[in-house]
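Below is one structure, written out as structure tokens; the observations come after it.
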Amino acid sequence: MTPPDTTSGIDPDAPHRYTATLADDIERRWQDRWEAEGTFWAPNPVGDLAPATGADSGDEDAGELGDKFFIMDMFPYPSGAGLHVGHPLGYIATDVVGRFRRMLGDNVLHALGYDAYGLPAELHSIQTGEHPRDNTLANITTMKRQLRRLGLAHDERRSFATIDPDFVRWTQWIFLQVFESWYDEDAQRARPISELRAEYESGARNAPDGAAWSELEPLERSLLIDSVRLAYVDDSPVNWCPGLGTVLANEEVTGEGRSERGNFPVYTRKLRQWKMRITAYSDRLIDDLDRVDWPESVKQMQRNWIGRSAGAHVRFPVVGAQDAAIDVFTTRPDTLFGATYMVLAPEHPLVDSITPDQWPDEVSRAWTNGQDDPRTAVAAYRAAAAAKTDVERQAGAPGPGGSAGGARDKTGVFTGAHATNPVNGESIPVFVADYVLMGYGTGAIMAVPAHDERDFDFATAYGLDIRPVVQAPEGHEGVWTGDGPAINSSHGDLDLDALSVDDAKTTAITWLQDHGRGAGTTTYRLRDWLFSRQRYWGEPFPIVYDAQGQPHAVPDSMLPVDLPDVPDYSPRTFAPDDVTSEPEPPLARATDWVSVTLDLGDGPQRYRRETNTMPNWAGSSWYELRYADPHNTDRAVDPQNEQYWLGPREAGGTGGVDLYVGGVEHAVLHLLYARFWHKVLFDLGHVSSEEPFHRLFNQGYIQAYAFTDERGTYVEAADVVEHEDGSWTYEGRPVQREYGKMGKSLKNVVTPDEMYAEYGADTFRIYEMSMGPLDASRPWETRAVVGSQRFLQRLWRLFVDEATGEVRVTEDAADAETLHVLHQTIDGVRADMDGLRFNTAIAKLIEMTNHLTKKQVRARSVLEPMVLMLAPVAPHVAEELWSRMGHTGSLARAPFPVADPAHLAADTVTCVVQVAGKVRGKIEVSPDIGDEELEALALAEPNVVRSIDGRPIRKIIVRAPKLVSVVV
RNA sequence: GCCGACUUGGCGGAAUGGUAGACGCGACGGUCUCAAAAACCGUUGUCCGAAAGGGCGUGCGGGUUCGACUCCCGCAGUCGGCACCA
């Protein structure tokens with residue numbers, strides 16, 4: 001008989017031991033087979049990826065595809081730097097989920113594309129002269145090879161890159177959809193421009209100024225239409241970055257007023273640029289956050305970014321000026337009686353017209369900045385404000401004493417004008433100050449120093465009245481921004497006194513509306529999306545300009561508009577502080593391309609092409625749709641395919657990708673833009689889903705330790721030695737440890753290739769998944785990887801004789817305890833997989849393996865479910881064992897084990913006995929023991945008796961069969 | 001400043017209000033070996049104790065509860081986002 005193979009019989013050099021070499025052989029073999037057999041192909045309802053079922057039309061087949069599960073990763077930018085072990089974390093996680101869902105019977109759509117436009121490739125081209133496409137495609141090839149070795153269960157037929165002409169064609173098509181739409185505020189949705197034009201032509205609608213369509217000149221008509229398009233050219237302040245030679249979206253500018261890429265200063269200035277009217281969707285973008293399954297933190301970030309705030313517009317007539325009035329936005333209309341002055345932003349258009357030639361009598365010296373007349377004073381102040389970058393402006397001017405600059409000292413100047421407070425007729429001074437921003441609200445405020453910190457600071461500095469109109473709690477000093485009864489707030493027919501803040505707001509707004517002096521309103525922080533860049537490596541706009549400079553869509557049949565070859569890929573860049581420079585995109589130099597003759601309905605004419613390109617966010621704003629129908633030449637996505645993969649599952653649902661995994665760094669940029677485009681496409685009837693991503697999950701990051709020597713230079717982390725006292729040395733010299741990213745410059749990169757070579761892909765996958773919860777960041781520790789390999793080796797040994805390679809699985813029946821362990825494990829692993837808790841799922845598999853090893857269990861009825869549970873995380877070794885047990889096909893679609901309730905309950909349960917809240921005894925009892933019997937057993941336990949020590953028992957809590965708590 | 005998340009052994013981390021520290025790394029002890037490495041087996045929160053057992057322990061201070069890592073209040077620290085947004 002077989003000698004009991006216990007501890008000492010294990011030979012590390014056994015020929016059939018699960019080593020990196022064997023793993024490598026197994027993994028490559030299965031990867032080739034999966035590819036050859038198309039194991040992970042996901043059929044579509046219709047089109048080229050529909051199942052080949054003869055003459056049947058697609059409609060019938062859709063039902064036969066079964067339940068779907070669409071899982072997505074945030075696709076990568078194909079960098080030339082190569083992967084480190086942090087990159088695949090999310091891809092492994094989605095692969096585990098995808099494989100699990102496939103074993104539950106779902107039709108799983110999982111593929112990976114490449115977000116291939118980007119600055120690095122362009123910078124590389126500027127240096128080398130190589131076309132960015134060549135470099136990018138080479139990087140994609142390398143990256144695919146590295147990722148393939150992970151054994152990801154992707155449908156390769158659905159992979160694409162955003163630079164593929166076939167993809168660009170539809171990116172440009174979507175741009176034109178946006179361009180050819182307007183937002184109908186009444187219907188609260190985007191509608192085609194053609195419908196608006198029809199309404200104008202039929203006379204159903206007049207221009208906003210009341211003019212009839214028929215009375216307008218052709219150019220006026222174009223301008224009217226263009227002014228409401230969702231994609232439009234606008235000459236308004238943008239973020240100009242001379243150092244990069246391009247403009248940037250607000251989202252691409254850091255809090256310090258610098259470019260996110262390159263860290264160059266950014267200046268606000270007016271330039272003619274493409275924008276997208278994302279602000280039209282502000283409410284829906286906020287409201288629909290309640291309908292998606294996203295991390296609360298990301299939802300909150302988007303809410304903050306959109307920045308909806310409710311309040312009122314109030315008109316303050318300018319004293320002495322006929323029709324002039326200052327329109328302000330306030331969130332606190334309840335404090336109108338506390339408004340003691342007003343402030344205009346330096347760029348506010350009314351500043352010039354309201355500033356008089358002379359100071360009024362008895363003007364305070366502090367208000368004039370020492371200037372002899374208001375016009376000079378205001379002009380000087382505005383010039384000074386304009387010269388500041390946003391950074392300086394936000395940092396605040398250094399105080400008179402050269403203060404360290406912590407506080408944002410308020411500066412400003414009196415305009416010499418006064419305005420009338422509409423609620424009490426009071427005349428209050430109007431200032432210009434740069435603490436009021438032109439970009440928010442109306443660029444003008446009513447200042448209520450008693451209840452606003454900023455106004456309080458300014459009022460204190462300039463000696464302005466501070467009048468409390470909300471009763472602060474007793475003993476409170478300074479500004480009170482909280483709730484309380486209104487005081488000093490009554491005049492004429494408006495009486496707010498004693499009302500709470502909320503009630504006073506409502507009352508004040510009603511009064512303002514009734515008297516035509518204002519209205520309740522909502523403002524947003526969100527600005528329209530700046531959509532053009534002065535760069536080469538991006539999608540060209542499918543737009544041409546006519547002789548009058550009016551934009552026209554390039555006809556659909558001419559898409560895609562390809563990038564022309566240019567002699568030089570760089571935009572003209574300037575000194576980082578050259579504010580007045582004019583942007584000059586590289587495409588402008590392709591003069592033959594720029595000038596084009598087209599017939600857009602009026603016969604052949606010369607047009608000039610748009611020479612800006614789209615921002616890198618364009619491709620990623622709709623790529624989820626293309627996975628569902630990657631080769632469609634007639635549409636971006638066929639409606640049936642879209643409905644199947646993305647359509648809402650229940651009435652009123654948003655639909656969207658079932659699970660989208662990626663880093664939290666895209667919380668506002670990519671995720672906001674993608675939602676916006678998706679909603680436009682929904683409004684126009686191109687998709688049935690209202691949201692692109694139904695469930696979002698942010699994976700954490702793999703961090704790493706880096707080490708610096710005494711000069712602060714990074715040293716090779718792999719060669720640092722740790723000492724028992726917790727210190728580290730490199731080549732004998734002491735080094736300092738720091739914790740952060742993995743990167744070449746930090747000399748702490750560990751690559752997946754090293755892991756494949758040393759342990760194999762399955763070990764690497766297990767390690768990454770077992771390090772901790774998926775949403776937490778954690779440090780990489782190469783020396784811990786061996787633990788995952790030991791697990792797989794132990795498991796392998798259960799099945800395979802390491803000396804002979806013989807499969808040792810028997811047809812024996814399993815003992816009751818093992819069955820209990822098995823079904824407990826099945827139950828737990830299923831739940832963990834569902835909740836993306838791969839770390840605890842793996843821990844349970846390890847526990848079970850340790851149990852089977854200890855008991856030398858070889859029963860097929862236990863080992864087969866074990867292999868199936870392992871398959872999502874370690875698919876290659878699972879496939880190998882499955883096939884060695886005699887199965888011929890892949891286990892990719894084998895049913896995931898189901899726990900048998902009969903085996904879930906244990907024979908005995910450990911009951912804990914607490915005395916005065918402390919555990920004093922444990923007793924093994926039957927799971928269905930009664931309360932009374934359990935109580936009696938507990939009180940008979942010697943250690944429990946000793947702990948009670950004769951004290952009177954006040955109460956006994958029995959939770960059979962797990963717990964007895966004795967209160968003394 | 002505002003918003004959000006987090007804080008558990010030497011380390012990564014487990015724990016529907018019910019045995020704190022599962023699982024893994026490391027460390028220590030052992031088996032095998034001439035030896036070492038590898039592998040395997042065992043121990044491992046901390047203090048007292050020969051043991052039985054007991055004290056103390058989940059950032060800090062309170063509270064609710066028979067019972068709190070878990071719930072509530074206050075504080076500190078770390079990380080992320082926003083930031084003169086009216």
Side-chain angles (χ1 to χ4, degrees), chain A residues 6-14 17 255 295-305 307-309 311 328-332 335 343 393-396 407-410 433-437 439-448 451-455 457-458 523-525 664-665 667-668 722 724 726 766-767 770-773 775-788 790-791 793-794 797 837 839-847 850 853-854 910-922 942-943 946-947 954-957 959 962-968:
Chain A
T6 44
T7 61
S8 55
I10 288 160
D11 176 1
D13 300 323
R17 186 176 177 74
E296 198 47 47
S297 56
V298 175
K299 290 187 185 183
Q300 201 53 46
M301 277 189 238
Q302 292 215 346
R303 287 189 195 109
N304 290 344
W305 190 262
R308 177 162 66 188
S309 63
V328 304
F329 173 73
T330 176
T331 56
R332 294 294 301 275
T335 62
V343 184
R393 208 165 144 171
Q394 283 171 21
R408 290 168 186 172
D409 299 325
K410 302 284 183 288
D434 67 1
Y435 82 90
V436 171
L437 310 173
Y440 185 78
T442 63
I445 62 157
M446 64 174 210
V448 185
H451 305 291
D452 182 282
E453 301 269 5
R454 298 151 300 180
D455 297 343
D457 293 345
F458 189 82
T523 59
Y524 303 87
R525 203 189 81 110
V664 72
E665 73 271 19
V668 278
E722 181 174 5
E724 283 194 17
I766 295 234
Y767 177 63
S770 65
M771 290 166 78
D775 54 0
S777 293
R778 47 255 148 103
W780 176 263
E781 206 178 355
T782 299
R783 70 177 178 185
V785 181
V786 70
S788 300
R790 286 178 191 149
F791 160 53
Q793 287 178 329
R794 216 148 52 230
R797 236 177 351 255
R837 295 183 298 269
N839 54 330
T840 51
I842 291 169
K844 289 178 174 85
L845 291 177
I846 295 175
E847 278 182 273
N850 292 347
T853 298
K854 187 166 283 179
T910 306
C911 174
V912 175
V913 187
Q914 298 179 341
V915 179
K918 290 189 187 298
V919 179
R920 296 300 179 188
K922 294 172 192 177
N943 204 44
R946 189 167 43 213
S947 297
R954 294 207 309 218
K955 193 172 167 189
I956 298 184
I957 288 135
R959 297 270 184 279
K962 299 279 286 184
L963 177 100
V964 177
S965 185
V966 181
V967 188
V968 291

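What you see is a predicted model, and the numbers here were worked out from it, not measured in a lab. Lettering follows sequence order; numbering is per chain, from 1.
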> On a whole-Å scale, what distance lies between the C1' atoms belonging to B/G77 and B/C23?
Replying inline: 29 Å
> What's the NZ-P distance between A/Lys410 and B/C85, to the nearest Å?
Replying inline: 8 Å
> For the side chain of A/Arg454, counting heavy atoms from C-beta on, which of B/C84, B/C25, B/A22 is nearest?
Replying inline: B/C84
>> Can you tell me whether the base of B/G9 sits syn or anti, using the 90° cut around 0 to define syn?
In response: syn
> NA contact type, A/Arg920, heavy-atom cut-off 4.0 Å: base, sugar-phosphate, or nothing?
Replying inline: sugar-phosphate
> On a whole-Å scale, what distance lies between the C1' atoms belonging to B/C41 and B/C32?
Replying inline: 11 Å
> Does A/Asn839 or A/Met446 map to a spot on RNA chain B nearer the 5' end, using the closest nucleotide for each?
Replying inline: A/Asn839
>> Quick check on B/C56: is either OP1 or OP2 less than 4.0 Å from any side-chain nitrogen or oxygen of A/Lys918?
In response: yes
> Taking a pair as Watson-Crick or G-U wobble with both distances under 3.5 Å, which nucleotide is matched to B/A14?
Replying inline: none
> Any donor-acceptor pair under 3.5 Å between the side chain of A/Lys844 and the base of B/C23?
Replying inline: no
>> Heavy atoms only, 4.0 Å cut-off, all strands: where does A/Lys299 land among base, sugar-phosphate and nothing?
In response: nothing
>> Please determine whether a side-chain nitrogen or oxygen atom of A/Arg525 lies at a distance below 4.0 Å from atom OP1 or OP2 of B/A83.
In response: yes
> Between atom CD in A/Glu296 and atom C1' in B/C6, what is the gap in whole Å?
Replying inline: 16 Å
> Base, sugar-phosphate, or nothing: which does A/Ser965 touch, judged by heavy atoms less than 4.0 Å apart?
Replying inline: base
>> For A/Tyr435, does the six-membered ring have the charged nitrogen or CZ of A/Lys410 within the cation-pi criterion, i.e. under 6.0 angstrom from the centroid and within 45° of the normal?
In response: yes
>> What is the separation between atom NZ on A/Lys955 and atom P on B/U65, rounded to the nearest whole Å?
In response: 10 Å
> Is A/Asn943 near enough to B/G54 that one of its side-chain N or O atoms lies under 4.0 angstrom from OP1 or OP2?
Replying inline: yes
>> Students often get this wrong, so: under 4.0 angstrom with heavy atoms, is A/Arg783 touching a base, only sugar-phosphate, or nothing?
In response: sugar-phosphate
> At under 4.0 Å between heavy atoms, what does A/Lys922 touch on the DNA or RNA strands: base, sugar-phosphate, or nothing?
Replying inline: base
>> When the P atoms of B/A68 and B/G57 are compared, how many Å lie between them, rounded to an integer?
In response: 12 Å
> Which one, B/C23, B/C85, B/C66, comes nearest to the side chain of A/Tyr440?
Replying inline: B/C85
> At under 4.0 Å between heavy atoms, what does A/Thr523 touch on the DNA or RNA strands: base, sugar-phosphate, or nothing?
Replying inline: nothing
>> Roughly how many Å apart are B/G17 and B/A38, using the C1' atom of each and rounding to a whole number?
In response: 46 Å
>> Output the rounded distance in Å from CG (A/Leu437) to C1' (B/C82).
In response: 14 Å
>> Quick check on B/G26: is either OP1 or OP2 less than 4.0 Å from any side-chain nitrogen or oxygen of A/Arg790?
In response: yes
>> Within the 4.0 Å heavy-atom criterion, would you say A/Pro773 contacts the bases, only the backbone, or no part of the nucleic acid?
In response: sugar-phosphate
> Over how many whole Å does the gap from A/Ile956 atom CD1 to B/G18 atom C1' extend?
Replying inline: 16 Å
>> Using a 4.0 Å heavy-atom cut-off, does A/Thr442 contact any base of the nucleic acid, only the sugar-phosphate backbone, or nothing at all?
In response: nothing
>> Taking the minimum atom-to-atom distance to the side chain of A/Thr910, which one of B/A86, B/U19, B/C82 wins?
In response: B/U19
> To the nearest Å, how far apart are A/Ile842 CD1 and B/A22 P?
Replying inline: 17 Å
> Which part of the nucleic acid does A/Val912 contact within heavy-atom distance under 4.0 Å: base, sugar-phosphate only, or nothing?
Replying inline: base
> Roughly how many Å is it from CZ in A/Arg778 to C1' in B/G13, rounded to a whole number?
Replying inline: 10 Å
>> Classify A/Ile846 by what it touches in the nucleic acid, base, sugar-phosphate, or nothing, heavy-atom distance under 4.0 Å.
In response: sugar-phosphate
> Has A/Ser788 got a side-chain N or O lying under 4.0 Å from the OP1 or OP2 atom of B/G24?
Replying inline: no
> Roughly how far apart, to the nearest Å, are B/G12 and B/G26 at atom C1'?
Replying inline: 11 Å
> Expressed in whole Å, how much space separates the C1' atoms belonging to B/C75 and B/U7?
Replying inline: 14 Å
> According to the Watson-Crick and G-U wobble definitions, with both distances under 3.5 Å, which nucleotide is paired to B/C85?
Replying inline: none
> Using atom P of each nucleotide, how far apart are B/U8 and B/C71 to the nearest Å?
Replying inline: 16 Å
> Hey, is the side chain of A/Asn850 poking within less than 4.0 Å of OP1 or OP2 on B/A22, counting only N and O atoms?
Replying inline: no
> When you check the side-chain N and O atoms of A/Arg303 and A/Gln300, is any donor under 3.5 Å from an acceptor?
Replying inline: yes
> Any idea how A/Trp780 and A/Tyr767 line up, ring-wise: parallel (<30°), tilted (30 to 60°), or perpendicular (>60°)?
Replying inline: perpendicular
>> Using only modelled atom types and a 3.5 angstrom limit, is any donor from either the side chain of A/Gln914 or the base of B/G18 paired with an acceptor on the other?
In response: yes
> To the nearest angstrom, how far is A/Ile766 atom CD1 from B/G24 atom C1'?
Replying inline: 12 Å
> With a non-hydrogen cut-off below 4.0 angstrom, is A/Arg794 in contact with a base, only sugar-phosphate, or nothing?
Replying inline: sugar-phosphate
>> Any side-chain N or O of A/Arg17 below 4.0 angstrom from OP1/OP2 of B/A38?
In response: no
> For atom C1', what is the distance between B/C60 and B/C6, given to the nearest Å?
Replying inline: 16 Å
>> Using a 4.0 Å heavy-atom cut-off, does A/Ala843 contact any base of the nucleic acid, only the sugar-phosphate backbone, or nothing at all?
In response: base
